[in-house]
Protein chains: 2
Amino acid sequence: MTFSKSFGYALRGILYVSLLKDEPRKISIDEIAEKLSVPRHFLGKIMKAVVKAGILSSTRGLQGGFFINEKTLHTPLLTIILLTEGNNYFNTCLLSMRKCNSANPCPLHNKVEGHKDGLLQIYGQTLVSDLLQDDKADFIKSLATVEAA
Amino acid sequence: MTFSKSFGYALRGILYVSLLKDEPRKISIDEIAEKLSVPRHFLGKIMKAVVKAGILSSTRGLQGGFFINEKTLHTPLLTIILLTEGNNYFNTCLLSMRKCNSANPCPLHNKVEGHKDGLLQIYGQTLVSDLLQDDKADFIKSLATVEAA
DNA sequence: TTAATAAAGGATACCAATATCCTTTTATTT
DNA sequence: AAATAAAAGGATATTGGTATCCTTTATTAA
């Protein structure tokens with residue numbers, strides 16, 4: 001039921017860049033970090049992985065930055081989850097038993113399998129584009145939500 | 001979709017002690033650790049918390065060890081989860097946004113809320129006794145399942 | 001072709017979860 | 001009472017996720 005912070009940073013970064021897809025400029029890591037209230041250097045490391053996975057594109061140099069490509073908006077959440085949490089995220093046994101599977105289930109396995117599959121469905125079918133909202137200003141605010149100072 | 005190792009160790013320890021509830025002897029930490037193939041000292045720390053929470057009982061001294069009490073078998077999984085993962089486990093935002101809730105939802109919030117509630121239901125309703133299996137030898141083996149050497 | 005800008009990449013620090021060890025307390029047995 | 005056995009408790013590694021900084025590479029603009 002939980003993801004690492006990396007996942008949240010990655011998805012929010014992707015959404016921020018996607019939201020500004022109609023602007024001619026590219027989006028710098030500094031801008032993303034500032035608008036999302038996220039540690040700049042750590043975000044840079046994550047965004048690098050996102051670009052390497054082909055989910056976003058980037059160019060270096062003056063006027064450089066991040067921008068969407070043909071894959072970005074059609075990327076399912078599942079792809080981002082597996083990127084940040086590791087490919088075995090949905091295969092790991094809830095009881096940390098290494099040989100747990102359908103054939104040799106741990107005591108919890110069958111109880112949660114249905115919901116696990118349900119979540120997999122959701123994450124596999126929900127695309128980046130499905131999470132974008134029309135009101136940009138409002139959406140950016142919601143992406144950056146942080147605790148009151 | 002994941003729990004810490006502590007949760008797996010705790011639940012498996014509880015199940016092991018519960019399974020042997022008809023034996024007159026108490027169950028030592030050494031026996032549990034060995035049968036479950038789990039680090040002995042770390043398990044000790046977790047079992048201490050389990051006892052402190054009243055989910056199991058224990059006595060020190062010669063012939064001491066762990067044993068079930070009136071609560072053990074009726075304990076819902078949720079209690080154990082909150083013990084090992086922290087009370088906010090089901091309240092944390094998937095995108096690490098600190099102010100995310102129904103009134104001010106993050107982009108993922110509504111997508112998964114249903115399944116989150118479903119899992120909460122399962123964990124709240126499934127009791128320790130529901131996970132015990134009749135064939136003791138078989139069940140112990142399944143609790144201890146580890147990777148092939 | 002030089003200066004400026006920005007991502008990529010590598011090195012290091014920090015912290016919490018995980019794991020181990022050692023000492024203390026408690027209970028039982030002799 | 002003394003010896004023993006076992007959990008409780010505290011102190012200390014170890015590891016992986018998180019976070020920061022610095023250098024390198026690439027691109028653009030003057």
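All chains are named by letter (A, B, ...) in the order of the sequence lines, taking the proteins before the strands, and each is independently numbered beginning at 1. Quick caveat: nothing in here was measured; it's all calculated off a predicted structure.
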Checklist entry - When the nearest nucleotide of DNA chain C is assigned to A/G61 and to A/K52 on a heavy-atom basis, which residue is associated with the more 5' position? => result A/G61

Item to check | Distance below 4.0 Å between B/S6 side-chain N/O and C/dT18 OP1 or OP2 | outcome: yes

Next on the checklist: Determine whether a donor-acceptor pair (N or O, by modelled atom type, separation under 3.5 Å) exists between the side chain of A/T72 and the backbone of A/I55.
Outcome noted: yes

Item to check | From D/dA7, D/dT25, D/dA8, nucleotide with atom closest to B/V51 side chain | outcome: D/dA8

Checklist outcome for this item: Out of C/dA6, D/dT4, C/dC21, minimum distance to the side chain of B/L62 belongs to D/dT4

Checklist entry - Which part of the nucleic acid, if any, lies within reach of A/I27 when heavy atoms closer than 4.0 Å are counted: base, sugar-phosphate only, or nothing? => result sugar-phosphate

Checklist entry - According to a strict under-4.0 Å criterion, is A/K5 in side-chain N/O contact with OP1 or OP2 of D/dA19? => result yes

Item to check | A/Q63 side-chain proximity, nearest of C/dT28, C/dA7, D/dT28 | outcome: D/dT28

Checklist entry - With a non-hydrogen cut-off below 4.0 angstrom, is A/I46 in contact with a base, only sugar-phosphate, or nothing? => result nothing

Item to check | Minimum-distance nucleotide to B/H41 side chain [options: D/dA29, C/dT29, C/dC22] | outcome: C/dC22

Next on the checklist: Regarding B/K48, tell me which of base, sugar-phosphate or nothing describes its non-hydrogen contacts under 4.0 Å with the strands shown.
Outcome noted: base

Item to check | Nearest-Å distance for atom pair CD/P, residues A/E31 and C/dT5 | outcome: 16 Å

Checklist outcome for this item: Heavy-atom nearest nucleotide on DNA chain D taken for A/T59 and for A/V38; more 5' hit belongs to A/V38

Item to check | A/S58 vs C/dA8: side-chain N/O to OP1/OP2 distance below 4.0 Å | outcome: yes

Checklist entry - Among the nucleotides C/dT18, D/dA6, D/dA8, which one has an atom lying closest to any side-chain atom of B/S28? => result D/dA6

Checklist entry - Looking for any heavy atom pair under 4.0 Å, which part of the strands does B/K45 touch: base, sugar-phosphate only, or nothing? => result base

Next on the checklist: Using the side-chain heavy atoms of B/R60, tell me which of these nucleotides is nearest: C/dA19, D/dA6, D/dT20.
Outcome noted: D/dA6

Checklist entry - To the nearest 0.5 Å, what is the distance between OG1 (B/T126) and CG (B/L78)? => result 10.0 Å

Checklist entry - When we call it a touch if two heavy atoms are under 4.0 Å apart, what does A/F3 touch: a base, just sugar-phosphate, or nothing? => result nothing

Next on the checklist: If the test is ring pair (Phe, Tyr, Trp, His ring centres under 6.0 Å), which one of B/Y9, B/Y123, B/F90 qualifies with B/F3?
Outcome noted: B/Y123

Item to check | Proximity to the side chain of B/S4 - top-ranked nucleotide from D/dT20, C/dA6, C/dA17 | outcome: C/dA17

Next on the checklist: Tell me whether A/N104 contacts the main-chain N or O of A/N101 through its side chain, where contact means a donor paired with an acceptor under 3.5 Å.
Outcome noted: no

Item to check | Nearest-Å distance for atom pair CG/P, residues A/L43 and D/dT18 | outcome: 13 Å

Next on the checklist: What is the separation between atom CD on A/E34 and atom P on C/dA6, rounded to the nearest whole Å?
Outcome noted: 13 Å

Next on the checklist: Between B/E85 (side chain only) and B/S4 (backbone N and O only), is there a donor and an acceptor less than 3.5 Å apart?
Outcome noted: yes

Checklist entry - Just wondering, are more than 12 heavy atoms of other shown residues or ligands nearer than 6.0 Å to NZ in B/K136? => result yes

Next on the checklist: Within the 4.0 Å heavy-atom criterion, would you say B/Y9 contacts the bases, only the backbone, or no part of the nucleic acid?
Outcome noted: sugar-phosphate

